[in-house]
2 protein chains.
Amino acid sequence: MSKVAQVTASTEEHIRAVAKRIFVSKGYAGTTIRDIAEAANTNVALLNYYFRSKEKLFVQVFEESLREFFASMLNMLNQELTVREKIENLIDRDFDFLTQNTEIPLFIMHEIRSNESNFIKEMALHNHFWESYFFRQVNEAMVKGEMRKMESIELIVLILSNIQFVFMAKPMIMLIAQMDDAAYLALLQAHKIRIKEMLFSYLFFKQENL
Amino acid sequence: MSKVAQVTASTEEHIRAVAKRIFVSKGYAGTTIRDIAEAANTNVALLNYYFRSKEKLFVQVFEESLREFFASMLNMLNQELTVREKIENLIDRDFDFLTQNTEIPLFIMHEIRSNESNFIKEMALHNHFWESYFFRQVNEAMVKGEMRKMESIELIVLILSNIQFVFMAKPMIMLIAQMDDAAYLALLQAHKIRIKEMLFSYLFFKQENL
DNA sequence: TCTCGATTTAAACAAATGATTAAATCAATA
DNA sequence: TATTGATTTAATCATTTGTTTAAATCGAGA
């Protein structure tokens, strides 16, 4: 039984991994279950045997992507570090993750928007987010004048803009700048250093116009 | 004849406009020609009568979107303004356009990536871009120490990150911050002011570590 | 070895989809 | 009014797509 379960789990996991790669690259609507079956060296009936339907398979893939996507942010929230350290940590972790998973942010944004069956909106992403230690820390720093005053959502948008856009726009950047992969990676490194410099000097400005 | 041509043009234009709305919202693969025909109060045969195929209709829509998307950037490039004025101009114009066309950036990025038939790569977006007056101006300012030194592509990525991400991530922002449309619009206004402040103080720093 | 449940496969089905056909309608003009 | 070409429509076609069925294969335990 242990062996059966093992084989089962690995077949199922293999299909899920293949499905993830294709869904992430071509989107839900652009992917057929035959694409997945073929790439996984199996057949469409087996997909439905393990996952019941294309949509249920997709939901699993999407939820996993969402978890990975938010992992570094959630991780950041409740650690015993300064705000500045946490933000630097977030940038480093996100760049590492996104360099290996360039397509994830665009995939998630596109599916949230084009999704009509609303299962995404039921995932309750906002849970306990704004009440976390991080945002209390931030508020405190703002009150003390150690940090520029703004709403939490503004802060998050400002930071994530500078992290994620360069990944979401990868195809266009490579196109208009006529880059190869090596040049793109070099851009990533330069960009990462630059946004730390810019964000830190903006967020932790030398207090005067508090 | 003039009347025939007029009616023709308006029917064709009406279909194109409806198609654009649906393609932009649901993506190429997620859109059926029957979706479009129904929304345009006509039938699938008429779509093919005017546009020959779903793909040819899509190409027209996509090219138009691309033109609009780059309009403010191209407009900026060769005007008689200072670098700082041009960048402020770009931010203002893009925010105006994107507020009315929130879905365009995500649409374009997604289609560039999931597109397999490569017609996009043949559109030669890079033409004369890097040789424009704007980048000569920028280079000059950098040499003079009026502006922080960086590659042109870095500068563009830095600016566009801060403009476009807030639009591309709209569905997620509204979801995790539990915003309504009014709150989102308020966020846009605050963000626009903020990024001008941040970018200008970073790009046009008080010269010292030139 | 035989049995039985789990896994895998080939084949088929119904619905959806992009495209086409052929006929109907319209509108200008001879 | 009759003709002609442009436009619009309903119906149909062939293929693709998600799903299901039924049979085959596998592997552990009796």
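Throughout, protein chains are lettered first and strands after them, A, B, ... in sequence-line order, and every chain is numbered starting at 1.
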Q.
From CG of B:Leu57 over to P of C:dT17, roughly how many Å is that when rounded to an integer?
A. 16 Å
(Q) Check the phosphate of D:dT9 against B:Asn43, side-chain N and O only, distance under 4.0 Å to OP1 or OP2. Yes or no? (A) yes
Q. Rounding to a whole Å, what distance do you find between B:Ile36:CD1 and C:dT17:P?
A. 12 Å
Q: May I ask you to evaluate whether A:Thr42 reaches the phosphate of C:dT9, defined as a side-chain N or O under 4.0 Å from OP1 or OP2?
A: yes
Q) When every nucleotide of nucleotides 14-19 of chain D is labelled 5' to 3' by its protein contacts under 4.0 Å (heavy atoms), B for base, S for sugar-phosphate only, - for none, what sequence of letters results? A) ---BBB
(Q) So, using ring-ring contact (aromatic ring centres under 6.0 Å, His included) as the criterion, who are the partners of A:Phe51 when residues are at least two apart? (A) none
Q. Is the phosphate of C:dA19, meaning OP1 or OP2, less than 4.0 Å from a side-chain N or O of B:Tyr49?
A. no
Q: Could you check A:Thr32, A:Thr31, A:Val61 and say which one makes a side chain to side chain contact (heavy atoms under 4.5 Å, CB included) with A:Ile22?
A: A:Thr31
Q.
Would you say that more than 12 heavy atoms from the other residues, nucleotides or ligands in this model lie under 6.0 Å from the CD of A:Glu38, or not?
A. no
Q. According to the salt bridge (Lys or Arg N to Asp or Glu O under 4.0 Å) rule, which pairs have a member within residues 91-103 of chain A, sequence neighbours left out?
A. A:Asp92-A:Lys192, A:Asp92-A:Lys196, A:Glu103-B:Arg113
Q.
Rounded to whole Å, how long is the line connecting atom CG of A:Leu47 with atom C1' of C:dT9?
A. 13 Å
Q. Given A:Phe107, which of A:Phe62, A:Tyr28, A:Phe23 fulfils the ring pair (Phe, Tyr, Trp, His ring centres under 6.0 Å) condition?
A. A:Phe62
Q. What is the distance, rounded to the nearest whole Å, between atom CG of B:Leu46 and atom C1' of C:dA24?
A. 14 Å
**Q.** Flag for B:Arg16-B:Tyr50: side-chain donor and acceptor within less than 3.5 Å
**A.** no
